[in-house]
Protein chains: 2
Amino acid sequence: MARKTGSHAEITGPRIRAAALRLFAAEGFAAVSMRRIAAEVGVQAGALYLYTPDKQSLLFELMKEHLDAVWEAWQAEDEGGDPVARLERFARFHIRFHLERPEAVFIAYMELRNLEPENFAVIEGLRGRYETALEDILKDGRETGAFDIPDTKLAAMAIIAMLTGVTTWYREGGRLGRADVAEIYAGMALGAVRGRTGA
Amino acid sequence: MARKTGSHAEITGPRIRAAALRLFAAEGFAAVSMRRIAAEVGVQAGALYLYTPDKQSLLFELMKEHLDAVWEAWQAEDEGGDPVARLERFARFHIRFHLERPEAVFIAYMELRNLEPENFAVIEGLRGRYETALEDILKDGRETGAFDIPDTKLAAMAIIAMLTGVTTWYREGGRLGRADVAEIYAGMALGAVRGRTGA
DNA sequence: TCTGGTATTGAACGTATGTTCAGTTAAAAT
DNA sequence: ATTTTAACTGAACATACGTTCAATACCAGA
């Protein structure tokens, strides 16, 4: 049944997910109890079950939301074309997007083991889809001769690991701004796959 | 008190650490109970406390052992000299070492949040020491003009993340052997920091 | 065979967990 | 003012946790 804007129910659901996101990222899925999440929202533990069937679903939905968001954002950003420009665009996009959502990134990469098998399969599929998008760029660039890489799958995994790693050390207000970081990482990603002779 | 070789006590301690390593890596520190570790060793939970003061120390010691081992192995391998050759050596070493100990790597990078503050500080120090070793190579290469990198700290973090990421996808008996993988990663790491004009 | 001491058990302690649900509150609908 | 409905509480359930410790099993040395 549709309800009026601003009803309590429409506010509490997101607040629960936000609290879970923060706590899971900071302390880990297994270390955070439903009672702690409830306390963060200002509610009793039982009330959470009006918004999620169980703790597992809470984790799964946070991951799925994040991976869907990454995918959709890249689909909107990708313009195709020259592989070199496209890879640079991908790297900048990935850095920017991940720096904006460090908590979701953390969870999506660290809590995979806490997913039940069926949920794990879904999340792995979403991850694979994104990784394949990068690999397709690399394949394209190898065909045009812009990239010199023996194995596109390995190169895709290496680049994603390098870029995603930014969330482990970057802190707001530090020596480098986000734009600087994106710039430098894009250069390193390109350098890692470019042939010695340039494009 | 020194005891004879092969006594039960000298065997059980390592067996507990081995079981903890395997279980922590597979399911996470918080998700593994002392009773499960004990069962894996074939002993009751109470017996574990003859070999470790508590669960936290078990985690801390596994991490410390690993990071000490990485450090010592690299100290033995490093020959100094030309930054390009030295970085290539570092990359090959890092890949090889990490592929041989995927479980310890996993724990050392994923269970940091489950360390108590004092233990965390120690582990972070050991990690920093290793990262600084890489950064020193990069600084050296920037001075000689071999590397073109705006920020050596960032570049060190990026390279380590890229290399360490190998453990997330590499599986024994797959398409590529360890030597192939080390070779390719070393090439990518060098490419990421080399200037456009070569050495 | 007896003795000394180490290795281990098994039960217990207090606390925390995820989840359920009968009952209460509060607000919207009539 | 009365009914309906959704939101939430608070207590309870069964189970599991890390850790301790008196009691026991085991084995080397005498």
Side-chain angles (χ1 to χ4, degrees), chain A residues 1-21 23-24 26-63 107 111 113-119, chain B residues 1-21 23-24 26-63 107 111 113-119:
Chain A
M1 181 59 95
R3 310 194 75 266
K4 292 226 192 92
T5 309
S7 81
H8 206 161
E10 278 166 6
I11 287 299
T12 308
R15 287 227 299 152
I16 290 171
R17 282 203 292 280
L21 185 76
L23 290 172
F24 289 168
E27 309 180 20
F29 174 76
V32 174
S33 70
M34 293 299 266
R35 283 170 178 82
R36 286 245 295 138
I37 298 171
E40 200 85 357
V41 179
V43 107
Q44 292 295 321
L48 300 184
Y49 291 85
L50 296 167
Y51 302 92
T52 184
D54 51 26
K55 196 187 177 193
Q56 168 76 198
S57 303
L58 212 42
L59 176 61
F60 172 68
E61 268 158 38
L62 288 175
M63 286 190 177
I107 292 173
E111 301 295 355
R113 319 178 269 206
N114 290 304
L115 288 174
E116 284 162 10
E118 312 119 59
N119 290 339
Chain B
M1 181 59 96
R3 309 196 76 263
K4 292 228 190 88
T5 308
S7 81
H8 207 162
E10 278 168 7
I11 286 300
T12 307
R15 288 228 298 152
I16 290 170
R17 282 203 292 281
L21 184 77
L23 290 172
F24 288 168
E27 308 179 21
F29 174 76
V32 173
S33 70
M34 293 298 267
R35 284 170 177 84
R36 288 244 297 135
I37 297 170
E40 200 85 356
V41 179
V43 107
Q44 292 295 323
L48 300 184
Y49 291 84
L50 297 166
Y51 302 93
T52 184
D54 51 26
K55 197 188 176 192
Q56 167 77 198
S57 304
L58 212 41
L59 175 61
F60 173 68
E61 268 158 38
L62 288 175
M63 286 189 177
I107 291 173
E111 301 294 355
R113 323 178 265 209
N114 290 304
L115 288 174
E116 283 162 10
E118 312 118 61
N119 290 339

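In what follows, every chain begins at residue 1, and chains take the letters A, B, ... in the order their sequences are listed. Remember, it's a predicted structure, so these values are computed and weren't measured experimentally.
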Worksheet item: Checking all strands, does A:Val32 fall into the base, sugar-phosphate, or nothing category for heavy-atom contacts under 4.0 angstrom?
Response: sugar-phosphate
Practice prompt. Mind calculating the distance between NZ (A:Lys55) and P (C:dT17) to the nearest angstrom?
Written response: 9 Å
Item to complete: Whole angstrom is fine here: how far is it from CG in A:Leu58 over to C1' in C:dG18?
Response: 12 Å
Response to the item:
With the side chain defined as heavy atoms from C-beta on, B:Tyr49 is closest, among D:dT20, C:dT17, D:dC8, to D:dT20
Item to complete: Taking only the side-chain heavy atoms of B:Arg35 (C-beta and beyond), determine which of D:dC17, D:dC8, C:dT19 contains the nearest atom.
Response: D:dC17
Discussion item. Should the side chain of A:Arg36 and the base of C:dT17 be counted as holding a donor-acceptor pair, with the cut-off at 3.5 Å?
Written reply: no
Discussion item. Just verifying a value: how many Å separate B:Asp54 CG and B:Phe60 CZ, rounded to the nearest 0.5 Å?
Written reply: 11.5 Å
Discussion item. Please find the pair of heavy atoms, one from B:Met63 and one from B:Ile107, that lie closest to each other, and give the distance.
Written reply: CE-O, 3.3 Å
Worksheet item: Between D:dT19, D:dC8, C:dT19, which one does the side chain of B:Asp54 approach most closely?
Response: D:dT19
Item to complete: Starting at OH of B:Tyr49, measure out to CE of B:Met34 and round the result to the nearest 0.5 Å.
Response: 3.5 Å
Practice prompt. Calculate the interatomic distance between B:Leu50 atom CG and C:dG5 atom P; express it in whole Å.
Written response: 17 Å
Discussion item. With a 4.0 Å cutoff (strictly under), does any side-chain N or O of B:Gln44 reach OP1 or OP2 of C:dG10?
Written reply: yes
Worksheet item: Are side-chain heavy atoms of B:Phe29 and B:Lys55 found at a separation under 4.5 Å?
Response: yes
Worksheet item: Is the phosphate of D:dC8, meaning OP1 or OP2, less than 4.0 Å from a side-chain N or O of A:Tyr51?
Response: yes
Worksheet item: Any side-chain N or O of B:Ser33 less than 4.0 Å from the OP1 or OP2 oxygen of D:dC17?
Response: yes
Worksheet entry | Length of the line joining B:Ile16:CD1 and C:dT8:C1', which is rounded to integer Å | 11 Å
Fill in: Separation of D:dC17 P from B:Glu27 CD (nearest whole Å)
11 Å
Discussion item. Expressed as a whole number of angstroms, how long is the span from A:Arg15:CZ to D:dA7:P?
Written reply: 15 Å
Worksheet item: Over how many whole Å does the gap from B:Leu48 atom CG to C:dG10 atom P extend?
Response: 14 Å
Worksheet item: Could you give the CD1-to-P distance, from B:Ile11 to C:dA7, as a whole number of Å?
Response: 13 Å
Discussion item. As an exercise, state the distance from CD1 of B:Ile16 to CG of B:Leu62, rounded to the nearest 0.5 Å.
Written reply: 11.0 Å
